[in-house]
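In listed order, ligands and their atoms are each counted from 1. We use all heavy atoms of the structure for the numbers below, so side chains are in, but hydrogens, waters and symmetry mates are not. Keep in mind the model is a prediction, meaning the values are calculated, not measured.
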Amino acid sequence: MSAADPVAAAAQPVDWPQARARVHAAGLAAAPPAVAVPLAEADGQTLAEPLTTLTDLPAFPTSSVDGWAVHGAPPWRIVGQALAGSVPTPLTEDGTTVEIATGAMVPVGADGVLRVEESTRTEDGRVTGALRPAPEWRAPGEEARAGEQLLPAGVPVDPGLIGLAASCGYDSLPVRRAPRAALLVFGDELLTSGRPGAGRVRDALGPAVPAWLRRYGCTVDPADVTGPVADTLPAHVAALRAALDRADLVCTTGGTMHGPVDHLHPALAEVGAEYVVNTVAVRPGFPMMVARVVGTDGRPRFVAGLPGNPQSAIVALVSLVAPLLAGLQGRPLPTLPQAVLAEPIRGRGNYTHLALVRIDSTRGTAHPVQHVGSAMLRGLAQADGFAVIPPGRQGEPGERVAVVPLPLIFGERP
Ligand SMILES: Nc1nc2c(c(=O)[nH]1)N[C@H]1C(S)=C(S)[C@@H](COP(=O)(O)OP(=O)(O)OC[C@H]3O[C@@H](n4cnc5c(N)ncnc54)[C@H](O)[C@@H]3O)O[C@H]1N2
Ligand code: MOO
């Protein structure tokens, strides 16, 4: 092996927390510039600048009830109407009122708004009743003052944020667009349909990884999922080049080791990739890696090598791909929730152990699941995430540990 041989560089696994921080920083450094997108297209993108309100919220004194805006002492003579959507004539004369609708601007000079159901009419058609002590309108700025920061940069744009942005005057938002990902599946032994047998297994990652990636906020076009790629170096290099032309992130599955038909590392060398992280001190999934490839346009792209064992591939997704994508979207490194272990979990020596668990969200406890071999997916399909058992430790019942969540929607698993 020469010093330039990427296999030689593979030697030292990086600590799991350090690997996460390193790929996140690499993603952040390569985050594309902000673009303005219409509100209706912003869901799932990432806010690139803090959201500050463009006006006071509310922007004008707003009646919160249907009733009467009054000036002076009762009874009040009706002098007009204030409907939502316009600027009402000021109330200047004592003993006058305008009928007002919920959401209408309260006229200048109003002392109060009387609810319609708490008002009566005098014989001569005037309005009377007792005002409640608390005002029945929303004061300008009671929710926020013009220029006030409502949310920081780096938060995901979701329907709640979109509604808030509309309410404070935005037509478009500065966002970092969702990264585009591609997937290359390596492994001649893989079947893409039918039942496994006779030495051949079903490709479990080609259908599943794009779905996981979309849940991390990526765009994955079905045309960008390729596989199985033939187990030759030229086929790997060609597939990698084609995918790098289209995608910000190319995930690969399998071939992360150095077996006779594992061509990932030599293919990375051919395309001029440099490792960000090459092998991580974590079990399962230690051969996971992330490399950067600078395109002819000068823009960096990333390759994430997920190990072929199916559970290990998902460990690599939650361990490295999630922080990398957070960085590429200008989001902070995801903080990990915690849970209390309900049962012991063995340690894995000098490696961090990521152990599949179900979370009981009412009790805040983490429960190990069965069928968790790195080649198995049965445990994963019932789990909410992975409990993190640090190197040199055992997970003891009652101990509070970090949990890396799978990107599931809260409450999605029964
Ligand atoms: N001599 C050693 N061999 C292996 C070691 C080791 O330390 N020394 N580590 C094992 C570990 S750990 C892992 S993880 C795997 C990683 O291997 P690769 O990333 O090179 O993956 P492959 O060899 O291509 O496949 C491994 C395994 O996974 C199955 N596979 C692959 N792709 C898929 C897929 N899309 N869907 C379903 N199953 C898939 C494949 O058939 C193999 O059984 O290396 C170990 N070896
Ligand atoms: O680390 Mo391997 O991923 O144990 O299966």
Side-chain angles (χ1 to χ4, degrees), residues 6-7 10-16 19 181-213 220 225-233 235-236 239-240 243 250-268 275 277-291 303-321 345-356 371-381 386 388-389 391 404:
V7 177
Q12 200 51 44
V14 182
D15 286 345
W16 186 78
L183 177 65
L184 302 179
V185 177
F186 297 147
D188 268 352
E189 77 281 17
L190 300 173
L191 287 171
T192 53
S193 64
R195 298 177 187 193
R200 305 195 67 191
V201 293
R202 272 294 296 275
D203 168 21
L205 296 172
V209 169
W212 288 121
L213 286 169
V220 191
V225 178
T226 310
V229 175
D231 273 339
T232 68
L233 181 57
H236 277 55
L240 206 48
V250 179
C251 290
T252 64
T253 65
T256 57
M257 292 296 293
H258 306 287
V261 289
D262 290 335
H263 302 297
L264 174 63
H265 293 273
L268 285 171
Y275 292 114
V277 163
N278 185 11
T279 73
V280 178
V282 66
R283 291 286 182 166
F286 84 94
M288 64 179 75
M289 48 79 38
V290 166
V303 179
L306 316 179
N309 275 330
Q311 196 207 133
S312 304
I314 310 308
V315 170
L317 269 184
V318 303
S319 295
L320 296 186
V321 175
I345 295 180
R346 75 188 172 106
R348 298 292 295 263
N350 292 332
Y351 287 67
T352 295
H353 181 193
L354 290 198
L356 282 169
H371 310 290
V372 295
S374 60
M376 298 178 185
L377 289 172
R378 186 171 169 183
L380 184 98
F386 297 87
V388 182
I389 311 299
V404 202

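- Using modelled atom types, no side-chain atom of Q311 and backbone atom of P284 make a donor-acceptor pair closer than 3.5 Å.
- Within 4.0 Å of atom 1 (N) of ligand 1, not a single protein heavy atom is present.
- Protein non-hydrogen atoms do not reach within 4.0 Å of atom 10 (C) of ligand 1.
- One distance of note links CG of L354 with CZ of R283; it measures 12.0 Å at 0.5 Å rounding.
- Remark: minimum distance from atom 3 (O) of ligand 2 to any protein heavy atom is reached at S312 OG, 2.3 Å.
- Close N/O approach between L306 and ligand 1 is not found [any backbone or side-chain N/O within under 3.5 Å].
- The nearest pair of heavy atoms linking A243 to L184 is CB-CD2, 4.2 Å.
- The D203 neighbourhood of ligand 1 comprises atoms 34 (C), 35 (N), 36 (N), with distances under 4.0 Å to a heavy atom of that residue.
- Contacts between D262 and ligand 1 below 4.0 angstrom, taking non-hydrogen atoms only, involve the side chain exclusively.
- Heavy-atom proximity to F286, at under 4.0 Å, picks out these atoms of ligand 2: 1 (O).
- Remark: ligand 2 atoms within the under-4.0 Å shell around heavy atoms of N309 are 5 (O).
- The single protein non-hydrogen atom nearest to atom 5 (O) of ligand 2 is S374 OG, 2.7 Å, given as residue, atom name and distance.
- For a threshold of 3.5 Å applied to N or O pairs, the pair formed by M257 and ligand 1 contains at least one separation below that value.
- Within the 4.0 Å heavy-atom criterion, neither part of P307 lies near ligand 2.
- Taking the six-membered ring for Trp and thresholds of 30 and 60 degrees, H265 and Y275 have ring planes inclined between 30 and 60 degrees apart.
- In this structure, M257 and L264 have side chains that are not in contact, with every pair of non-hydrogen atoms separated by 4.5 Å or more.
- In R202, the part holding a heavy atom less than 4.0 Å from any atom of ligand 1 is the backbone.
- Under a 3.5 Å cut-off, the side chain of R348 and the backbone N or O of V282 do not form any donor-acceptor pair.
- At least one N/O-N/O distance between G285 and ligand 2 falls below 3.5 Å.
- The minimum heavy-atom distance linking G308 with L205 is given by the pair O-CD1, 3.8 Å.
- Note: an N/O pair closer than 3.5 Å links G255 and ligand 1 by distance alone.
- You'll find the ring centres of H263 and F186 outside the 6.0 Å limit.
- Checked by distance only, ligand 1 and G308 come closer than 3.5 Å through their nitrogen or oxygen atoms.
- For atom 13 (C) of ligand 1, the nearest non-hydrogen atom from the set T192, N309, V185, V261 belongs to N309.
- Partner of L306 under the side-chain contact (heavy atoms from CB on, under 4.5 Å) criterion, out of T252, V185, L317: L317 alone.
- Only the side chain of L190 comes within 4.0 Å of ligand 1, counting heavy atoms alone; its backbone N, CA, C and O stay farther away.
- Contact annotation for P310 and ligand 1: only side-chain heavy atoms (C-beta onward) come within less than 4.0 Å of the ligand.
- Residue E189 has at least one nitrogen or oxygen atom sitting less than 3.5 Å from a nitrogen or oxygen atom of ligand 1, judged on distance alone.
- Checked by distance only, ligand 1 and T256 come closer than 3.5 Å through their nitrogen or oxygen atoms.
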